[in-house]
Amino acid sequence: MSSSYESADLIIKLYELRREDVMRKARAWYMKEFHPRSAQDVVSVLRGEHSAYFRMVTSYWEMAASFVNNGAIDWKMFMDANPGEPVNVFVKLYPLLEELRSMFASKYDDDTQAFQHLEQVVMKLPHAKEQLEERIEQFAAARERWEAERKER
């Protein structure tokens, strides 16, 4: 397990990566415009113009969560420094996890599951499933507003 100083140092380095211009655009797209209803929606994004944004955001948070899961960053310190975004990234994929994992499964590595590190970090939250269900509803309402705004344009 890392010391508090080492955890803080890595969290600051991760924060600096999040401030990069393209990463900011990717994060904004993911939160405001990425509203998958199915695993096929995710696959369509991966084949479309926002593929790099999706991969940038999800791989960043999966990497950061792997640091936590492997003891390089203290979980509590990580969640105190990042209280919302990792959960918000994960919740958009959470209802689709089983199907996504079967689609992304590698015939060479049975142990690796898509988004496993982020899931592990998020599920340590008190009442994680209840929090995820609440956010699913919030994002569904946000998706409806977003779709209504798009129709008005």
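Please read all numbers here as calculations on a predicted model, not as lab measurements. Side chains included, hydrogens not; waters and symmetry mates left out as well; all remaining heavy atoms used.
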Below 4.5 Å, heavy atoms only, C-beta onward: do [X] and [Y] meet side chain to side chain?
{"X": "T58", "Y": "L118", "answer": "no"}
{"X": "M123", "Y": "Y94", "answer": "yes"}
{"X": "N69", "Y": "Q116", "answer": "no"}
{"X": "R27", "Y": "R24", "answer": "yes"}
{"X": "I136", "Y": "P95", "answer": "yes"}
{"X": "M63", "Y": "L14", "answer": "yes"}
{"X": "N88", "Y": "E85", "answer": "no"}
{"X": "L96", "Y": "P36", "answer": "yes"}

Side-chain donor-acceptor contact under 3.5 Å, S51 with R47: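 Side chains of S51 and R47: no pair found under 3.5 Å.
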
Using only heavy-atom distances, determine whether the side chains of S3 and E6 contain a donor-acceptor pair under 3.5 Å.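 A donor-acceptor contact under 3.5 Å links the two side chains.
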
Give, for atom [atom1] of [X] and atom [atom2] of [Y], the distance between the pair rounded to the nearest 0.5 Å.
{"X": "S44", "Y": "H50", "atom1": "OG", "atom2": "NE2", "answer": "13.5 Å"}
{"X": "N70", "Y": "Q120", "atom1": "CG", "atom2": "CD", "answer": "8.5 Å"}
{"X": "E62", "Y": "F90", "atom1": "CD", "atom2": "CZ", "answer": "9.5 Å"}
{"X": "D74", "Y": "S4", "atom1": "CG", "atom2": "OG", "answer": "6.5 Å"}
{"X": "E133", "Y": "H127", "atom1": "CD", "atom2": "NE2", "answer": "14.5 Å"}
{"X": "L100", "Y": "S38", "atom1": "CG", "atom2": "OG", "answer": "9.0 Å"}

Quick one: do [X] and [Y] end up in the same hydrophobic cluster if we chain Ile, Leu, Val, Met, Phe, Trp and Tyr together by side-chain heavy atoms under 4.5 Å apart?
{"X": "L93", "Y": "M103", "value": "yes"}
{"X": "F139", "Y": "W146", "value": "no"}
{"X": "F78", "Y": "Y5", "value": "no"}

Paired with E119, the side-chain hydrogen bond (donor to acceptor under 3.5 Å, both in side chains) test is passed by just one of R101, K124, Q113, namely R101

Could you tell me how the ring of F104 sits relative to the ring of F115: parallel (under 30°), tilted (30 to 60°) or perpendicular (over 60°)?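 Ring orientation of F104 relative to F115: perpendicular.
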
Identified ring-ring contact (aromatic ring centres under 6.0 Å, His included) counterpart of F54 within the set F34, Y60, W61: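 With F54 as partner, F34, Y60, W61 yield a single ring-ring contact (aromatic ring centres under 6.0 Å, His included), made by F34.
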
Step-by-step side chain to side chain contact (heavy atoms under 4.5 Å, CB included) determination, Y53 to V57: CA-CA 6 Å; Y53 281 0; V57 170; 5.6 Å; no

Taking all non-hydrogen atoms of both residues into account, name the closest pair between [X] and [Y] and its distance.
{"X": "I73", "Y": "S7", "value": "CA-OG, 3.4 Å"}
{"X": "K92", "Y": "M31", "value": "NZ-O, 3.0 Å"}
{"X": "M56", "Y": "A26", "value": "SD-CB, 3.9 Å"}

Run L17 and M23 through side chain to side chain contact (heavy atoms under 4.5 Å, CB included) and show every step you take. CA-CA 8 Å; L17 291 174; M23 180 59 139; over 6 Å; no

Does a side-chain N-to-carboxylate-O contact under 4.0 Å join E99 and R37? no

Looking at Q131 and L125, would you say the former's side chain and the latter's main chain have a donor-acceptor pair under 3.5 Å?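 Pair absent, no side-chain N/O of Q131 close to backbone of L125.
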
More than 12 heavy atoms of other residues, nucleotides or ligands under 6.0 Å from CD of E130: is that the case? yes

Determine, step by step, whether V87 and L132 satisfy the side chain to side chain contact (heavy atoms under 4.5 Å, CB included) criterion, reporting the C-alpha distance in whole Å, the side-chain angles of both residues, the deciding distance to 0.1 Å, and the verdict. CA-CA 8 Å; V87 177; L132 290 171; 4.1 Å; yes

For side chain to side chain contact (heavy atoms under 4.5 Å, CB included), just list the numbers for V45 and W29, CA-CA rounded to whole Å, side-chain angles, deciding distance to a tenth of an Å, and then say yes or no. CA-CA 12 Å; V45 165; W29 168 83; 3.6 Å; yes

